[in-house]
Structures are given as C-alpha cells and as structure tokens.
Amino acid sequence: MSTQRKQYPFSEFEPRWQQHWLEVDAFRAVNPGDADFDASKPKYYILDMFPYPSGDGLHVGHVEGYTATDILARFHRMQGFNVLHPMGWDAFGLPAEQYAIKTGQHPRVTTARNIDNFRRQLQAVGFSYDWQREVSTTDPAYFRWTQWIFLQLYNAWFNPSSRKAEPISTYTGSDPDSVRLAYVAEMPVNWCPQLGTVLANEEIVDGKSEVGGFPVERRPLRQWMLRITAFADRLLEGLDGLDWPEGIKLLQRNWIGRSEGALVRFAIQNSDCHVEVFTTRPDTLFGATYMILAPEHLLVASITTPDQAECVEKYKASVASKSDLDRTELNKEKSGVFTGAFAINPVNGNKIPVWIADYVLMGYGTGAIMAVPAHDERDYEFATKFQLPILEVVKNEGGTDGIPPSASSCFSGEGVAVNSGFLDGLPTAEAKQKITAWLEEKALGRGTVNYKLRDWLFSRQRYWGEPFPIVWESGRHHALSNTELPVIQPDMEDFKPTGTPEPPLSKATDWLRYSDKAQRETNTMPQWAGSCWYYLRFCDATNSNKFIGTEADQYWMAQSGKPGGVDLYVGGTEHAVLHLLYARFWHKALHDLGHIATPEPFQRLVNQGMILGPDGQKMSKSRGNVVTPDSVISEYGADSLRLYEMFMGPLEQMKPWSMKGVEGVYRFLARVWRLAMEENQEGQWILSRDLAEIPLNSQQLRTAHATIKKVTSDIRQLAFNTAISQMMVFTNEFVNAKPRPIESLRILIPLLSPFAPHLAEEIWSRLGFSGLASKQPWPTHDESLLVENEVELAVQVNGKVRERLVISKDATKEEIEKAALASEKVREATAGQSIVKVVVVPGKLVNIVAK
RNA sequence: GCCGGCGUGGCGAAAUGGCAGACGCAAGGGACUUAAAAUCCCUUAUUCCGAAAGGAGUGUGCGGGUUCGAGUCCCGCCGCCGGCACCA
C-alpha cells in the first residue's frame, strides 16, 4: 500500500492546513473582556479527558474520543457558538518516576519530551484545540493552584447544619484539626518489604506487587486524608441534575453506598464496656443470637476472657498476615473464634456470645455487627458452621417469590415480624420504625445512615507529584501562606525509595528544612489531584492572580444555567468512579466556599467504547495487536483516520479495528476529492472539467437537503457513523453526474468539514471559495424540498407485504384504503376471507386484517 | 454472588412499534488496461419451486406474551462483556 500512488494528495495538504490553522490561531476561544468577544454568541464548552503523556505516545483509543469532541466543537463553531475546546496533560505519575529511577533522567525532562510527542501527534490528526490554553499539571504555574485549592480544603470544614463547606473560622469547637476537610490520620499504606517501598494501589495486582510479584503488607503511616465522606449525600443528590449515562450514575451511587439503619448499643456482661453495632435491619434485633467484632476492633483485647486469649491472639495474627489476595479469594469459607465474652441483647436481655471473624470489616459501620442468622446469608453460613442458635423473627408472608417460608434456612427479604415481642405482626418497614423509636427512647441506639464511601487517602510516598504546602513544627502541621506558593520539588538526582516508608523527599535535607523549628511535609499528592480541577483552569489558563477568574467562570461554566458547567465531557469508562467523584467533590467544596458559581463540573458525560485490536482482543504490546495513529496517518492520512474511527460504529460501543475499514473510508474521501478534482495528462490534479454552475435537479436537491438534515441531527445525537453513511449516499449520487453542479460542493464540503477538515479546506480553497471551510456557516435544509409528490406504500395482508402502491402524497386514508383493497394481489391474498380491519399509516403502509 | 451493558448476513453495522440488513468491508462476475494497481458497473441473508422471467416460505440468541403489526415493548431462560465483591 505504501508504495501505491496516493488517491489524493493528503500528505501534501494535511500538514499545510494544520500549520495554517496554528498560524492564524483559527480555533481560539474568546473570553469575555477580550477585544473580539461577542456576547451575543452562546458558549459551548466541550472537554476531553486529558491524557497522561506516556512514552508510548497517542493510542487510537484516545483518537476516538478526541475526534468525536472535535467534530462537535467544529460543528458548534459553524453554528455560531463560542467554543471552548482545550487540551492539556495529566503529567504527574508513576511511569515517569520509575523511568527516572531506572535511567537517572529527571522526570521533568522525560515528561517534557513525552508532552512534545503527544502534542505533535494530536496536531497531526488536525484537532481544533485552542493551544493557547494548553496546561500541564506538572507546571509550577499550574500546580501552585492545585496547592492553593488544597489550602482551601485545609482551611475549611463541613458544617453539618448548613450541609456546606465553610471557612474553618466558623467552627466553634475546641479542635479545628479534627474537622478540617484535609486532615491527618494514621492509615495503612501498601508496604512491600522486598522492594523496600510503598506502593500505590495501582501498582498492586492480586495482592502482590506488579513489579516482581512480592507480597504487600498493610502498615500504618501518617497520611493526609480528604473528608469526601462529608459530601456523600450531596454527591448522591447532585447526580439527579446531570445528563450522564444511567449506568455511570449507578456506579457512583453504589460506590457511595448509602444505607439507612440504626446504631444499637450492646452491653458486655460483667464489664463496663459496651459495643455499638450498625444494622440496616433493626427490626430483626430479637433474632440477634450472637455478635461479631472485626478482629482489629479496639475492644477485642479488653473483653477477651483469659481462657480464650490464646486462640483470639492466634486468629488475629493469622488475619493480619493475610494479604489482600487471601482476604478476597480465600475468604469464601467463614472463619472466626469465640472471645469468651457475652453481650446482652438490649431488647430481651438475652445473653449472646461475642465472636471475632474477618467477614466483619473494621472499615465499615462500627466494625461490629449483631448477627441475625435467620435473616442474613453470611450470619447464617457462620452460625451453621459454628453451631450457633438460629431464631426466626421475620415471616416470609406472601411467598410471592416462590420461596417457601421456613425457619431452617435463611430469609433475608422483608416480611412480618414474629417472635419479636412488641414488634410481632408488623411488616418490616413499620417494625424498623418502631424499634428505632424504642431504641432512641431508651437511649440504646438511634437511626443513622452509613456509607461505603471512605475518606480519600490523599498522600503518596513519591517524588513526582505536587508537594503539600504544609510544614511541621513540634508535631503539628501548619499551612503555608498563599504567597509561598508554588512549593516546588527540589531537584534531586536520586529518586530511589528510601527503603523505609518515608517518602523520597525526606532525603532532600536542604529543601526539607523550612526554618530552625519547622520541616516541610515530604508526602506528595496523588495523580488525581491535578485532574480534579483542570477543566476550570482551561477557562482562564493564563490568569496569574486566580485559579479561575470570576468572569471566566461565570461565562464558561455558569452561562447555560444548568448545574454542570462543562457542556459535554467525553472519555473512557475507567474514570467512571474515582476521577469523576473526586472532581465533583472538589468542585462542590470550591462552590460552597464561594470560589466558583456552579454546583457541578460536568453537565453531560459520554463514555467512548474501547477500540479492540484487529483480532478482537484488547490492544496490548504483548499481544502485538496495537495500531498506532502515526502509522494510519502516514498510509491513509489524518482525515481517513478520523473518519474511520467515527464510521466504525456507535461511539459508546466496544469495537474491533479493521485496516480494510480504513481503506473503505479512504476510498470514500478519494471519491469526494474527485467530485471536485481530476488528473490531467501530466498527472497533476486540476479542477474537474465536469463542474458547472448549474442548479441541482429535483432528485439532487432532495438528496442534498436530506443529507443536510440527517448529518445535522446525527451530529447532535453523536451518531457520527450514520452521518458519514449519509454523506456517502450523497457522494454516490453526485460522483457520476456530468455536468456536476458546483453547488453540490458548496453544500457537502461544510458538512464534511468537521469530519475531514483537511480535505474540506483543500477542496474549498481549490474551488476558489472565500474563507476557511471550517469557518463557514452550517448549512440548513428546506423541509419542503424533501417531500415527494408520489409516495410508495407497502400493502400488507395480515402483516405480510403483498403489494406496493404508488400514490399521491396527499391521498386521504380513505383513498389509500380503497386503492389498497382494489389491488389484485390483495384480492388474491384475501380470497375467501372477510376483511376485519384496515390500518392505514400514511406515508408508510397499509395493513389489511383478514380472517 | 450482586449490579450494569450487549446478542441482527461471512464481517463492522443500520432501522420515531410500521417494507429487517441503509452505508461500508469481504467475496464473486464484468468493463477499462499490453498487464497490474487504481477506477467504474453488476450480484451477494437463507431455503424451496422454476430453464428463465419470476414466485413461495423462513429469518434479528432461545421460549412465551402484548399488538392490526415486535429487532424494537413486557415476562422467563441462555450466552458474552464490563464493574463491584463478605458493606451488616
């Protein structure tokens, strides 16, 4: 193929137009206050998930989402919108640091190199980004504001009565450090003794280090945390106003994992201790026949009886040594030991044994449960194994689901309370209310809400990330002032781990020393930090006084009046939970504190599907099925790459790559080229001599206007594949027309321009039309040209097509019915039967029901 | 296990409850050419009847249902893909 003659000279004109667009700054987004700002234009903010600039370069998967947004950006510009379509780099991260450790090159150097490569590749696809707004999370001019936002969180708390983040100054309690949105806690980190380093969760596969496959331990370390849990309800409620795929909303809801229930206090027999449990089924309290604490629970040591001490210690040790892998994979079988202690069931005074078991997690609820084996699968399994009593307290009344009511197996659904004293006879929902009220009255418990969502562990023991704007003095943390930002990592030659859980920055002794008394924080922020707010920075990328100017925020984020500021956000599903949740959290906090106008960052979200290799497998180096954009561009051109990625199928769908498919769209583009151009004797491309200034005939007019209509509505629905099909239909219609109306190109080229912008510009300028094709107003269609005088209807008898009928478009239902019944074929098909009913759908078909 | 998503020709796919398979790929045939490439034209879901023109039937994972009419809506299965995974 590469030796073949090119069907149109894309390699000559594609780089030329890319250069031209850059030179004239063709896709600049205009901010309010700029000289050429036009307030009458509506704004449209369309955002890609910015890439991590890896050493491997751009992937065809990136190009898919980026092409979709590029088409929409170009389309909206042509429709008169002021379009913000920016690009940047999420450039902090592990690969750069690991590469630095291996080669001794500073991550700044390799990162800059990778960014240059990514930028070159993106420009070679012809994306219409406003490059003036390019940002990199690793740029001190950028991360100074990431650090500034961290300080906003540090200096704020969540006021439960206003349900908002507020300045810490409004907090009246005694210990502000206990309520800050950014706080310090002892939390377990992933420590790998063999590698002598702390690992990020992403570096752990199946409980072992990704590199080397060594076991990983959890080890407590002082960590920065962000209080995202305070926003759990707001993050949940905020989803309702967003135009996101329901599946993604559900994923976030499940991740937040809100559940309503009650806290119940159980006294421990012969002890001052009491244990609090969380349950979603307080109505089953009468059925609690034993209790379980997580092995790590603080009370375990104090309540364990001497004769049980040894086996409790043994069990705790065995649990502690279990890797994450063991915990998930080997825990199918229930295990646990008796502590020797008994608790008192507050509702009936029964003495119930207290066990420890690792199926109870310290991290959820209170780390302790009341076990109701008759109505909980796990408790049932445990009770059966250890022969603990099972008491039925909920009757499965209806039996509608086919499960027979039974006391010998577990029933976890809702029903009617039995064996439950004053709850007897109440349906589950009422029983819950009554028992909760009873507990509250007796001060034995209260209704409460629990979440699966944990606070965000925000520090990393890494070099290549944002340093915290924090210093430590006599064991206390202090925020640096805004004027001390940015805090830049020291230049180090040795990025290697310290061999202890201390971060690499602890080795930079000069940098570490802030003053005689104070030392800098040596942790850095996780990679998520920079991506939590980059969409705000794009609105006002060069502002050196604020992270985003008020006017820019008002215009780009708030003008549409919807909760979310970004009009469309496109990216892969891999960010469905974490990135999108973290960004929403920061956004809400910044909103509460009065820094930005909107309550949500992203109004509409679309996930592009993964592109698989030609073999239908996920693309990977080891499989050798990776297709690179560069190779496609050099053989078929950027327009073919763009067009193929959009023609493959629906954007959201997973689909395999096919080079033959690329050739198909390449042939289509060549046909478009030949609508305008032909080769002369010398083999040069000249304007086609078939072109003429003649009007379109009625058939051509109909096709042209149908194409305008379909392409326009398909782009709006992100149905790019069918928009392209329609342009193929158009081209097939005109390619053989001789003479060929020049007008056909005046219509087609603007429509094609968002998809294949280089070819569009080239043809447009060769035809001598003025301006850039990408700056033309979007064509509009005339509905009246679409209607045909005569329409063909299908005539069905009992749902089967028997005849076709050509009839005037204005024919009445009665006329159509009459004509259909008059048909010979219909008479044959209905012979010997009586006609029961005739359904006429004007413009479509007639269905005759006969018996 | 739980929660999502998806099952349509040889392949990628299309189809506001209204003629299933648009558009493209692949395949086959033809035109042009000394030849090849490129280009252009035709055929192409499947079974049966027919020499042919043409005709009849069957088809959207499987089984039911609603409807004049179902790829599309409802119920129950099967399969594939993705996410979560003892969350009390």
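Naming: A, B, ... by sequence-line order, numbering from 1 per chain.
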Trainee: Classify the ring geometry of A:Trp528 against A:Tyr582: parallel below 30°, tilted from 30° to 60°, perpendicular beyond 60°.
Mentor: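 Rings of A:Trp528 and A:Tyr582: perpendicular, as their planes differ by over 60°.
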Trainee: Using only heavy-atom distances, decide whether a donor-acceptor pair under 3.5 angstrom links the side-chain of A:Lys660 to the base of B:C11.
Mentor: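 Between B:C11 and A:Lys660, which were checked side chain against base, a qualifying N/O pair under 3.5 Å is absent.
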Trainee: Take the protein atom CG of A:Leu612 and the nucleotide atom C1' of B:C6, then report the distance between them rounded to whole Å.
Mentor: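 About 13 Å, once rounded to whole Å.
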Trainee: Could you tell me which nucleotide pairs with B:U60 by Watson-Crick or G-U wobble geometry, both distances under 3.5 Å, or answer none if nothing does?
Mentor: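 Looking at the geometry, B:U60 pairs with no nucleotide.
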Trainee: Measure up the A:Phe382 and A:Tyr290 rings against each other and bin them: parallel (under 30°), tilted (30 to 60°), perpendicular (over 60°).
Mentor: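 Because their plane-to-plane angle is under 30°, the rings of A:Phe382 and A:Tyr290 count as parallel.
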Trainee: When you match A:Ser725 and A:Tyr644 each to their closest nucleotide on RNA chain B, which lands nearer the 5' end?
Mentor: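 First, find each residue's nearest nucleotide; the 5'-ward one identifies A:Tyr644.
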Trainee: With both distances kept under 3.5 Å, what pairs with B:U66, Watson-Crick or G-U wobble?
Mentor: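 Pairing partner, where one exists within any strand: none, as none qualifies.
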Trainee: For a quick check of understanding: with a heavy-atom distance under 4.0 Å over all strands, which category does A:Gly664 fall into, base, sugar-phosphate or nothing?
Mentor: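 A:Gly664: backbone/sugar contact only, no base atoms under 4.0 Å.
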Trainee: Check every atom of B:C19, B:A14, B:C40 against the side chain of A:Pro650 and return the nucleotide holding the closest atom.
Mentor: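 Among the listed nucleotides, the one closest to the side chain of A:Pro650 is B:A14.
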Trainee: Whom does B:A22 pair with, Watson-Crick or G-U wobble, provided both distances fall under 3.5 Å?
Mentor: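 Matched B:A22 with nothing under the 3.5 Å cut-off.
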Trainee: Would you please say whether a donor-acceptor pair under 3.5 Å links the side chains of A:Asp376 and A:Ser412?
Mentor: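 A:Ser412 and A:Asp376 do not have a side-chain donor-acceptor pair below 3.5 Å.
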Trainee: Does B:U39 have OP1 or OP2 under 4.0 Å away from a side-chain N or O of A:Gln7?
Mentor: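 Answer yes for this pair, as a side-chain N or O of A:Gln7 is under 4.0 Å from OP1 or OP2.
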Trainee: What nucleic acid atoms does A:Lys800 come within less than 4.0 Å of, heavy atoms only: base, sugar-phosphate, or nothing?
Mentor: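 Contact class for A:Lys800: sugar-phosphate only.
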Trainee: When the C1' atoms of B:A26 and B:U34 are compared, how many Å lie between them, rounded to an integer?
Mentor: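 Each nucleotide's C1' atom is 30 Å from the other's.
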Trainee: In whole angstroms, how far is the P atom of B:U39 from the CE atom of A:Met677?
Mentor: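 The distance from CE of A:Met677 to P of B:U39 comes to 18 Å, rounded to the nearest Å.
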Trainee: Grab the CD-C1' distance between A:Gln717 and B:A14 for me, whole Å please.
Mentor: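 So the CD-C1' distance, A:Gln717 to B:A14, works out to 13 Å.
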Trainee: OP1 or OP2 of B:G5 versus the side-chain N and O atoms of A:Gln653: is any pair under 4.0 Å?
Mentor: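 For B:G5, OP1/OP2 do not have a side-chain N/O of A:Gln653 under 4.0 Å.
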Trainee: Determine whether a donor-acceptor pair (N or O, by modelled atom type, separation under 3.5 Å) exists between the side chain of A:Gln796 and the backbone of A:Asn847.
Mentor: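 Side chain of A:Gln796 to backbone of A:Asn847: no pair is present.
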Trainee: Tell me if the aromatic rings of A:Trp355 and A:Phe386 count as close, with their centers under 6.0 Å from one another.
Mentor: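 Yes - the distance between ring centres of A:Trp355 and A:Phe386 falls below the 6.0 Å cut-off.
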Trainee: Does A:Thr573 reach a base, just sugar-phosphate, or nothing at all? Heavy atoms under 4.0 Å.
Mentor: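 Result for A:Thr573 = nothing.
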Trainee: How is A:Ser658 classified with respect to the nucleic acid when contacts are heavy atoms under 4.0 Å: base, sugar-phosphate, or nothing?
Mentor: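 Nothing: the residue A:Ser658, judged by heavy atoms under 4.0 Å, touches no strand.
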Trainee: With P as the reference atom in both, quote the distance from B:U67 to B:U72 in angstrom, rounded to an integer.
Mentor: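 16 Å, rounded to whole Å.
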Trainee: Tell me: CH2 of A:Trp355 to P of B:C86, nearest whole Å?
Mentor: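 Atom CH2 in A:Trp355 sits about 21 Å away from atom P in B:C86.
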Trainee: Taking the P atom of each, how far is B:G17 from B:C73, in whole Å?
Mentor: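 Taking atom P in both B:G17 and B:C73, they lie 8 Å apart.
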Trainee: If we call it a pair only when both distances are under 3.5 Å in a Watson-Crick or G-U wobble match, what pairs with B:G50?
Mentor: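 B:G50 is unpaired by these criteria.
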Trainee: Is a side-chain donor-acceptor pair under 3.5 Å present for A:Gln7 with A:Arg671?
Mentor: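 On atom types as modelled, these side chains do not qualify, holding no pair under 3.5 Å.
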Trainee: With sugar-phosphate meaning primed atoms plus P, OP1 and OP2, does A:Asn736 contact a base, only sugar-phosphate, or nothing at under 4.0 Å between heavy atoms?
Mentor: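 Contact class for A:Asn736: sugar-phosphate only.
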Trainee: Does A:Lys452 make a cation-pi contact with A:Tyr364 (under 6.0 Å, within 45 degrees of the axis)?
Mentor: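 Ring-cation test returns no.
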Trainee: Between B:C19, B:C68, B:C86, which nucleotide gets closest to the side-chain atoms of A:Tyr359?
Mentor: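 Nearest listed nucleotide: B:C86.
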Trainee: Taking atom C1' in both B:G71 and B:A13, compute the distance separating them and give it to the nearest angstrom.
Mentor: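 It comes out at 14 Å once rounded to the nearest Å.
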Trainee: Among the nucleotides B:G24, B:C25, B:A56, which one has an atom lying closest to any side-chain atom of A:Arg667?
Mentor: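 Within the option list, the nearest is B:C25.
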Trainee: Using the side-chain heavy atoms of A:Pro656, tell me which of these nucleotides is nearest: B:C3, B:G12, B:C23.
Mentor: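 Minimum distance to the A:Pro656 side chain belongs to B:G12.
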Trainee: Kindly say if A:Asn254 contacts the phosphate of B:A85, meaning a side-chain N or O under 4.0 Å from OP1 or OP2.
Mentor: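 It does not, given that no N or O in the side chain of A:Asn254 lies less than 4.0 Å from OP1 or OP2 of B:A85.
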Trainee: The side chain of A:Thr722 is closest to which nucleotide in this list: B:C19, B:C40, B:A14?
Mentor: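 Of all the options, the side chain of A:Thr722 is nearest to B:A14.
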Trainee: Suppose you measure atom C1' in B:C19 against the same atom in B:G59; what distance do you get, rounded to whole Å?
Mentor: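 About 15 Å, rounded to a whole number of Å.
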Trainee: If pairing requires Watson-Crick or G-U wobble contacts with both distances under 3.5 Å, which nucleotide is the partner of B:U39?
Mentor: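 Partner of B:U39: B:A31.
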Trainee: Return the nearest nucleotide to the side chain of A:Leu251; candidates are B:G83, B:C68, B:A88.
Mentor: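 Closest nucleotide among those given: B:G83.
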Trainee: Are OP1 or OP2 of B:G12 and a side-chain N or O of A:Lys655 less than 4.0 angstrom apart?
Mentor: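 No, outside the criterion.
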Trainee: Assign A:Asn798 to base, sugar-phosphate, or nothing according to its heavy-atom contacts below 4.0 angstrom with the strands shown.
Mentor: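 Answer is nothing: A:Asn798 stays at 4.0 Å or more from every strand.
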Trainee: Tell me if a side-chain donor or acceptor on A:Arg740 pairs with a main-chain N or O of A:Phe734 at a distance below 3.5 Å.
Mentor: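 Between the backbone of A:Phe734 and the side chain of A:Arg740 there is a qualifying donor-acceptor contact (under 3.5 Å).
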Trainee: Mind checking A:Arg804 for me? I need base, sugar-phosphate or nothing, with any heavy atom below 4.0 Å counting as a touch.
Mentor: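 Touches a base.
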Trainee: Anti or syn, where syn is a glycosidic angle within 90° of 0; which label fits B:G65?
Mentor: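 Judged by the O4'-C1' to base torsion, B:G65 sits in anti, the angle falling more than 90° away from 0.
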Trainee: Base, sugar-phosphate alone, or nothing: which one does A:Arg253 contact when heavy atoms must sit under 4.0 Å apart?
Mentor: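 Since no nucleic acid heavy atom lies under 4.0 Å of A:Arg253, the category is nothing.
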Trainee: Looking only at atom P, what distance separates B:C68 and B:U47, rounded to whole Å?
Mentor: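 My reading of the P atoms in B:C68 and B:U47 gives 35 Å.
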Trainee: side-chain contact (heavy atoms from CB on, under 4.5 Å) with A:Val795: which of A:Leu821, A:Val826, A:Ile816?
Mentor: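 With A:Val795 as partner, side-chain contact (heavy atoms from CB on, under 4.5 Å) holds for just one option, A:Val826.
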Trainee: Regarding A:Val849, tell me which of base, sugar-phosphate or nothing describes its non-hydrogen contacts under 4.0 Å with the strands shown.
Mentor: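 Sugar-phosphate contact only.
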Trainee: For the side chain of A:Trp255, starting at C-beta, report the closest nucleotide among B:G12, B:C84, B:A88.
Mentor: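 Nearest to the side-chain atoms of A:Trp255, counting from C-beta on, is B:C84.
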Trainee: Taking any heavy-atom pair under 4.0 Å as a contact, classify A:Leu845: base, sugar-phosphate, or nothing.
Mentor: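 Base contact.
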Trainee: Distance between the C1' atoms of B:U60 and B:G21, in whole angstroms?
Mentor: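 Each nucleotide's C1' atom is 9 Å from the other's.
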Trainee: For the P atoms, the ones on B:G9 and on B:C62, what distance do you get once it is rounded to whole angstrom?
Mentor: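 These two P atoms come out 10 Å apart once rounded.
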Trainee: Under 4.0 Å between any heavy atoms, over every strand shown, what does A:Asn721 touch: base, sugar-phosphate, or nothing? Just pick one.
Mentor: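 Here A:Asn721 touches the backbone only, sparing every base.
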Trainee: With a 3.5 Å cut-off and no angle check, do the side chains of A:Glu276 and A:Thr366 form a donor-acceptor pair?
Mentor: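 Looking only at side-chain atoms, A:Thr366 and A:Glu276 do not form any donor-acceptor pair under 3.5 Å.
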Trainee: Of A:Val801 and A:Thr280, whose nearest nucleotide on RNA chain B comes first from the 5' end?
Mentor: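 Going by which nucleotide is closer to the 5' end, it is A:Val801.
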Trainee: What nucleic acid atoms does A:Met654 come within less than 4.0 Å of, heavy atoms only: base, sugar-phosphate, or nothing?
Mentor: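 The answer is sugar-phosphate, as A:Met654 gets under 4.0 Å only of primed atoms, P, OP1 or OP2.
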Trainee: Could you work out which one of B:C40, B:C68, B:G24 sits closest to the side chain of A:Phe647?
Mentor: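 Of all the options, the side chain of A:Phe647 is nearest to B:G24.
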Trainee: Across all strands, who's sitting opposite B:G4 as a Watson-Crick or G-U wobble pair, both distances under 3.5 Å?
Mentor: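 B:G4 is paired with B:C81.
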Trainee: Quick one: label A:Val841 by what it contacts on the DNA or RNA (base, sugar-phosphate, nothing), any heavy atom closer than 4.0 Å.
Mentor: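 Base contact.
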Trainee: Check the distance between B:C25's C1' and A:Met648's CE and give it to me in whole angstrom.
Mentor: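 My rounded result for the distance is 12 Å.
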Trainee: Considering only B:C68, B:A56, B:C86, which nucleotide approaches the side chain of A:Lys334 most closely?
Mentor: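 For A:Lys334, the side-chain atoms sit closest to B:C86.
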Trainee: Where the side chain of A:Gln796 is defined as all heavy atoms beyond and including C-beta, which of B:G18, B:A88, B:A13 is the nearest nucleotide?
Mentor: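 Among B:G18, B:A88, B:A13, the one nearest the side chain of A:Gln796 is B:G18.
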Trainee: For B:A38 and A:Arg671 - does any side-chain N or O of the residue sit under 4.0 Å from the phosphate oxygens OP1/OP2?
Mentor: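 Checking B:A38 against A:Arg671, no side-chain N or O comes under 4.0 Å of OP1 or OP2.
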Trainee: OP1, OP2 of B:G5 versus side-chain N and O of A:Asn607: anything below 4.0 Å?
Mentor: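 Looking at the OP1 and OP2 atoms of B:G5, neither is under 4.0 Å from any side-chain N or O of A:Asn607.
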Trainee: With sugar-phosphate meaning primed atoms plus P, OP1 and OP2, does A:Glu792 contact a base, only sugar-phosphate, or nothing at under 4.0 Å between heavy atoms?
Mentor: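 Base contact.
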